[in-house]
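Below: the structure, in structure tokens.
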There are 2 protein chains.
Amino acid sequence: MAAKQKSRPTYAEIAKLAGVSEATVSRVLNGDPKVDSDRVAAVNKAVDQLGYQKNRAAAALASGRTGLIAVVIDDDLSVFQDPFWGAITNGISKVLMENEMQTLLLVAPLDNIDSPVAQYLQRGEVDGAIFLQLHKDTLINRLAKQNLPLVVNGTPHTNNPFAYVDSDNAGGAFAAVRHLVDSGRKVIAKITGDLSNTAAEQRLEGFLAAANEFGLKTPKSLIAQGDWSREAGYNHAKKLLAKHPTLDAIFCSNDVMALGAVTAIQEAGRSVPGDVAVVGFDDSYLAQNSHPGLTSVRQDIAGLGAEAAKMILAKLRGEEVHSEILPCELVLRETA
Amino acid sequence: MAAKQKSRPTYAEIAKLAGVSEATVSRVLNGDPKVDSDRVAAVNKAVDQLGYQKNRAAAALASGRTGLIAVVIDDDLSVFQDPFWGAITNGISKVLMENEMQTLLLVAPLDNIDSPVAQYLQRGEVDGAIFLQLHKDTLINRLAKQNLPLVVNGTPHTNNPFAYVDSDNAGGAFAAVRHLVDSGRKVIAKITGDLSNTAAEQRLEGFLAAANEFGLKTPKSLIAQGDWSREAGYNHAKKLLAKHPTLDAIFCSNDVMALGAVTAIQEAGRSVPGDVAVVGFDDSYLAQNSHPGLTSVRQDIAGLGAEAAKMILAKLRGEEVHSEILPCELVLRETA
DNA sequence: TTGTACGCGTTATCAT
DNA sequence: ATGATAACGCGTACAA
């Protein structure tokens, strides 16, 4: 009963002012097409006049819909550092707001299927959920069974019927290699991300596909398994340079490793891109602000968010939803 | 009436099973201290047995409290790039969740006082709001008048009674200069951020205070007004080097400009830190992954978020709330 | 097409 | 300390 402010108008007052029933007010405000146009006008006028604004809690209670979509982020250290989450959440939020839905942020460890977040999602406090950065599919498996509409960002690990949205990681990697080949590089190494991650896997696949397509040799010794860290890029590049004197390009699965590789190359007394070209992935802040400027594969992160939001809205409307793969774009700078 | 899942238990069933009234159930579930301990136990047992979970919409309708705190981010390009927002929002979210509150994300331009977000906040759909990155104080002025509990991240522009949380920008800048002086630097230049921003202002103030304290000369020509961009850092550093042959240190108000300065110094044929030391601000991803590693002033970003959340919770409890200034820490790497 | 009447699940007031 | 019971504001069968 803690009325926050002076109490606001309700259907009763609108109905009275417009000379209709409360039911009609409800119909007009929810866009029911079969209401006489003059009554619609009357209601809208009354709404304006009174400065009416709907009480969402009451609507939620009556309808069972909350108007809220959860954005669930699997909490680990990267959340603190990686601008990816901000960008994608921003994309989601924009689309949701345009559709009068709001974004509820849930940041928590998702390893436990009975975690508070899991409970929350099963409690019907949101109309749907968008998952970012999934380590395991167990939780969404369970939620899907409970008919919670959900969309996943990133390709799921298992072959599930989840609708997901992802960047064309393989295609981006392919484009990077093509560019290297086109500019005359012959011996191209790859430093992968953590391969338990589907994106890392796909970026490697794209590399291998391109190598095959363009007739490059890809002995195992040219493919180093990294873990996204600067150190991995630095150390692997160092070893690659030592083992392969003719190496003239390194493609890394993210920008951080690529910058580590650049440092290693320079410390080895070779130039970038003169002797060795380097391409990263993500076109992050790092790529844009490094020196020399890092050539990198750009993901449409805001686009990923927007698509995810559109998909969940479609699901709420009961439409069939198909997964989406958004194209990547190679951004040329100085390193390749 | 769209029951999402099989309908969940309500007070009625708990009351029946526990042999008490619904009112008592409510009291127990809301922690009313004056309920007999055996009844409390009975209710809790029934709750467990039925797997009861509170319907927040109903609670919100009846109580006027939503359990939601809005995190409002003034939308502009930086949201896409800067990891700051993710980190602080994460800090906020954690504390709120521990207190059974949820984080509602609102990303939108706040220039218009009648924007959708402004409307939303005035609609009572959240119990309070935390503002990040404020360009103007007009909106919060209005909301404060409407008694919406709010906390601001960053020092407001005007002298208002808003509770805010901020980093000790001046103190951080002071520490940076002290370090430079301690390591023998004599001629220290400053490249500021956009001075319409209070953080930029404070970082300059700290610089000037330290210069004064340590007896440095700070002619106007040693203070360049930047705008946070890499180009600003690069161009200003270039000019500073030309004008001041004895220049042996540059303190920049963020990491991006600092990296631009490093490039300019190196291109001028001088070494970092041998000839010229460079210190940045933020200890961002950039500072950690640059080469040479950038010495920088670290803000406790997650701490800012956590404090902001604690402050808003205290406000909701009706407590007096005081603004908080969190200390910064100088992180030494290679450039200084 | 429109109105009546009730239900949604809690909270809070008022007696007791 | 506890129990009835009236709000809370909206959505929606059902009837007309």
Side-chain angles (χ1 to χ4, degrees), chain A residues 1-43 46-47 50-68 100 123-125 127 316, chain B residues 1-43 46-47 50-68 100 123-125 127 316:
Chain A
M1 281 252 98
K4 224 176 221 331
Q5 340 241 335
K6 63 195 81 171
S7 74
R8 296 170 349 195
T10 68
Y11 278 11
E13 290 154 65
I14 299 173
K16 199 165 143 196
L17 185 57
V20 300
S21 72
E22 295 188 29
T24 295
V25 174
S26 175
R27 292 183 183 112
V28 172
L29 264 48
N30 291 307
D32 186 326
K34 47 192 171 189
V35 179
D36 258 10
S37 55
D38 36 334
R39 302 206 183 200
V40 173
V43 169
V47 164
L50 296 171
Y52 172 81
Q53 305 198 292
K54 188 179 295 203
N55 179 323
R56 267 205 136 106
L61 177 56
S63 71
R65 282 172 253 113
T66 61
L68 263 35
E100 293 171 7
R123 206 176 299 161
E125 297 191 30
D127 294 343
L316 291 180
Chain B
M1 283 249 99
K4 226 180 215 339
Q5 340 239 336
K6 60 194 84 173
S7 72
R8 296 169 350 194
T10 68
Y11 278 12
E13 291 153 65
I14 299 173
K16 199 165 142 197
L17 185 57
V20 300
S21 71
E22 295 187 30
T24 295
V25 174
S26 175
R27 291 183 184 113
V28 172
L29 263 48
N30 292 307
D32 186 326
K34 46 194 173 189
V35 179
D36 258 11
S37 55
D38 37 333
R39 304 208 182 200
V40 172
V43 168
V47 163
L50 296 171
Y52 170 82
Q53 305 198 289
K54 188 178 293 204
N55 179 324
R56 267 202 136 110
L61 176 57
S63 70
R65 282 172 254 112
T66 61
L68 262 34
E100 290 171 11
R123 206 177 298 161
E125 296 191 30
D127 294 344
L316 291 180

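Side chains included, hydrogens not; waters and symmetry mates left out as well; all remaining heavy atoms used. Proteins come first, then strands; the chains are lettered A, B, ... in the order of their sequence lines, and each starts at number 1.
- Between Asp32(A) and Val35(A) the shortest heavy-atom distance is O-CG2, 3.7 Å.
- The side chain of Ala62(A) lies closest to dC8(C) when the candidates are dT4(C), dC8(C), dG3(D).
- For the residue pair Arg8(B) and Gln53(B), the shortest heavy atom distance occurs at NH2-O, 3.4 Å.
- Rounded to whole angstrom, the span from the NZ atom of Lys16(B) across to the P atom of dA4(D) amounts to 14 Å.
- The shortest distance between the side-chain N/O atoms of Thr24(A) and the OP1/OP2 oxygens of dG3(C) is below 4.0 Å.
- Contacts of Thr10(B) with the nucleic acid, taken as non-hydrogen atoms under 4.0 Å apart, involve only primed sugar atoms and P, OP1 or OP2.
- Under 4.0 angstrom from either OP1 or OP2 of dC8(D) there lies no side-chain N or O belonging to Arg65(B).
- Side-chain atoms of Arg8(B) and base atoms of dG9(C) include no donor and acceptor less than 3.5 Å apart.
- Nucleic acid contact for Ala59(A): sugar-phosphate only, since backbone atoms but no base atoms lie under 4.0 Å from a heavy atom of the residue.
- In this structure, Ile14(B) and Val28(B) have side chains that are not in contact, with every pair of non-hydrogen atoms separated by 4.5 Å or more.
- Side-chain atoms of Ser26(A) lie closest to dG11(D) of the nucleotides dT11(C), dG11(D), dT1(C).
- For Ser63(B), no side-chain nitrogen or oxygen approaches OP1 or OP2 of dT11(C) to under 4.0 Å.
- Between the CD atom of Glu22(A) and the P atom of dG7(C) there is a distance of 16 Å, rounded to whole Å.
- Within the 4.0 angstrom heavy-atom criterion, only backbone atoms of the sugar-phosphate kind lie near Tyr11(A); the bases stay farther away.
- Within 4.0 Å (heavy atoms only), Arg39(A) reaches sugar-phosphate atoms of the nucleic acid but no base atom.
- For Asn30(A), taking side-chain heavy atoms from C-beta onward, the closest of the listed nucleotides dT12(D), dG11(D), dT1(C) is dG11(D).
- Rounded to an integer number of Å, the gap from Glu125(A) CD to dT10(C) C1' is 13 Å.
- Here the shortest heavy-atom pairing between Ala59(B) and Lys54(B) reads CB-CD, 4.2 Å.
- Between Ala12(A) and Lys34(B), the residue anchored closer to the 5' end of DNA chain D is Lys34(B), taking for each the nucleotide with the nearest heavy atom.
- Listed nucleotides: dG3(C), dG9(D), dT11(C). Nearest to the side chain of Leu61(B): dG9(D).
- Closest to the side chain of Val35(A), from the set dT10(C), dA4(D), dT2(C), is dT2(C).
- Atoms CG (Leu29(B)) and C1' (dT10(C)) sit 10 Å apart, rounded to a whole Å.
- Residue Asp32(B) is out of contact with every strand shown, counting any heavy-atom pair closer than 4.0 Å.
- Distances from the side chain of Val20(A) to the nucleotides dT1(C), dG3(C), dA4(D) place dG3(C) closest.
- In terms of polar N and O atoms assigned as donor or acceptor, the side chain of Arg27(A) comes within less than 3.5 Å of the base of dG3(C) in a complementary pairing.
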